[in-house]
Amino acid sequence: MTMQLEIGTNRLSIHGVDAFDLANTLTCGQAFRWWRVGNAYHGVVKGSLLVAEWRDESLHVEDHSVTKLCPDDFVGLVFDYFGLSDDHAQRERSLCKRDRIVAEAIRYAPGIRILRQDPWECLISFIISARNYIPSIMSTIVRLCERFGERVSSDEYEELFGTRRYAFPSASALSDGSVESIESCGASYRAKYIYGMAQLVTTGGADLDLISKQPYEEARESLMSLYGVGPKIAECVLLYSMGRYEAFPIDTWISRVMRFLYLGNPRASVREMHEFARQRFEDLAGFAQQYLFHWARTAKGAYLRTLEQNSR
DNA sequence: ATCCAGGCCATAA
DNA sequence: TTATGGCCTGGA
């Protein structure tokens, strides 16, 4: 199937996108800056305010930013962010052949893509996500953006939807704040990590662009050397913002799936889980993780919790 | 109401 | 190298 583009004024329609579920892709826990409004999703992506909707078998995206992108940049942003040039159907087929549990997860909810997010926003967002609910994560990020970010919504958008949107704050904007001001946005004990990170990145003590070019293991170590960043967050950054699809972030849900459905060992170590995932899923581990994560939380949530209870 | 969450750090063995 | 407690507080 070939894609067809239709480009209008600050709007774009893409027909013939295969293996793409917009709703699940935006709400499956990889990004925290999308809101459902009617049948559409409103989100801030790298300083642009986008309104995305899946309608008539096509993806429609509008640019509602104050400063709108030129058509080329707009198309580029959308293709890059959603990974539209990738043959995702082929990935799904390949994963289905490799593993029958992942095959079930894909059958349950196909078309989940890995978004290509901004590394800085991704890093801070997943620091905030530690021991936190998704709604809390989102509201903390909103408050950070309101306090430290720049306005991104156009006059027309604000009039139409009655709300103002802000871009994710830069490192230097956050470093101009303080631990206390970040804490009061709801970041809690994570505020010191965030403020420290903002200072480090602003002064050049950490270079995410450089890290993104390092070999996988080296990049992972570089990220984990940052105060407040452990294996889970490092791998989320690698997967969701650096296109490292071999990454396999292990949170409590993936841990349950691995311990009870794959390894049959309630006390399996994170190391064992990583080893297994690397051998089984190889270069597509990140996609396997995303499908398993969504399936575990929604379709298998109660079941996995029961297994966990019974193993105690 | 309580109760605990999509980890990380420090400390201890 | 692996195990444990503490962090803190907005939501369910």
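All of these numbers come straight from a predicted model, not from anything done at the bench. Within every chain, numbering begins at 1; the chains are lettered A, B, ... in the order of the sequence lines, protein sequences first and strands thereafter.
A donor and an acceptor atom, one from each side chain of S181(A) and S178(A), are located under 3.5 Å apart.
As a whole-Å value, the separation of E235(A) CD from dG6(B) P is 18 Å. Note: CE (M273(A)) to C1' (dG7(B)) measures 14 Å, nearest angstrom. Taking atom NZ of residue K192(A) and atom C1' of nucleotide dC7(C), one finds them 7 Å apart after rounding to whole Å. Following rounding to the nearest Å, N132(A) (CG) and dA5(B) (P) show an atom-to-atom distance of 12 Å. For the pair I134(A) CD1 and dG11(C) C1', the interatomic distance rounds to 13 Å; values are reported in whole Å. Atom CZ in F248(A) sits roughly 14 Å away from atom C1' in dG6(B) (whole-Å rounding).
When distances run from any side-chain atom of R131(A) to the nucleotides dG11(C), dT2(C), dC7(C), the shortest one goes to dC7(C). Proximity note for Y227(A) (side chain, C-beta onward) versus dT2(C), dC9(B), dG6(B): the nearest is dC9(B). In the set dG6(B), dG7(B), dG10(C), dG10(C) carries the atom at the smallest distance from any side-chain atom of R143(A). Candidate nucleotides dT9(C), dG6(B), dT2(C) were compared by shortest atom distance to the side chain of S188(A), and dT9(C) ranks first. Nearest nucleotide to the side chain of R271(A), out of dT2(C), dG10(C), dG6(B): dT2(C). The P135(A) side chain lies nearest to dA12(C) when the options are dA12(C), dG6(B), dC8(C). Considering only the side chain of Y189(A), dG7(B) comes nearest among dG6(B), dC9(B), dG7(B).
Within the 4.0 angstrom heavy-atom criterion, only backbone atoms of the sugar-phosphate kind lie near G228(A); the bases stay farther away. Within 4.0 Å of R297(A), counting heavy atoms only, lies at least one base atom of the nucleic acid. Counting any heavy atom pair closer than 4.0 Å across all strands shown, P249(A) reaches no nucleic acid atom. Within the 4.0 angstrom heavy-atom criterion, only backbone atoms of the sugar-phosphate kind lie near L226(A); the bases stay farther away. Counting any heavy atom pair closer than 4.0 Å across all strands shown, I233(A) reaches sugar-phosphate atoms only and no base atom. Counting non-hydrogen atoms under 4.0 angstrom, C185(A) reaches nothing in the nucleic acid.
No donor-acceptor distance shorter than 3.5 angstrom exists from the side chain of S241(A) to the backbone of C122(A), with no hydrogens or angles considered.
Other residues, nucleotides and ligands contribute only 12 or fewer heavy atoms inside 6.0 Å of the CZ atom of R11(A).
Of the side-chain N and O atoms in S139(A), none sit less than 4.0 angstrom from OP1 or OP2 of dG10(C).
Under a cutoff of 6.0 Å and an axis angle of 45°, R91(A) and Y245(A) form a cation-pi pair.
A salt bridge does not link R116(A) with D86(A): every distance from a Lys NZ or Arg NE/NH1/NH2 to an Asp or Glu carboxylate oxygen is 4.0 Å or more.
Contact between T25(A) and C28(A) at its shortest, heavy atoms only, is O-SG, 3.7 Å.
Straight-line distance between the P atoms of dC8(C) and dT2(B): roughly 23 Å, to the nearest whole Å.
Closest-nucleotide positions on DNA chain C for Y193(A) and S269(A) were compared, and the one nearer the 5' end corresponds to S269(A).
Partner assigned to dA5(B) is dT9(C), using Watson-Crick or G-U wobble distances below 3.5 angstrom.
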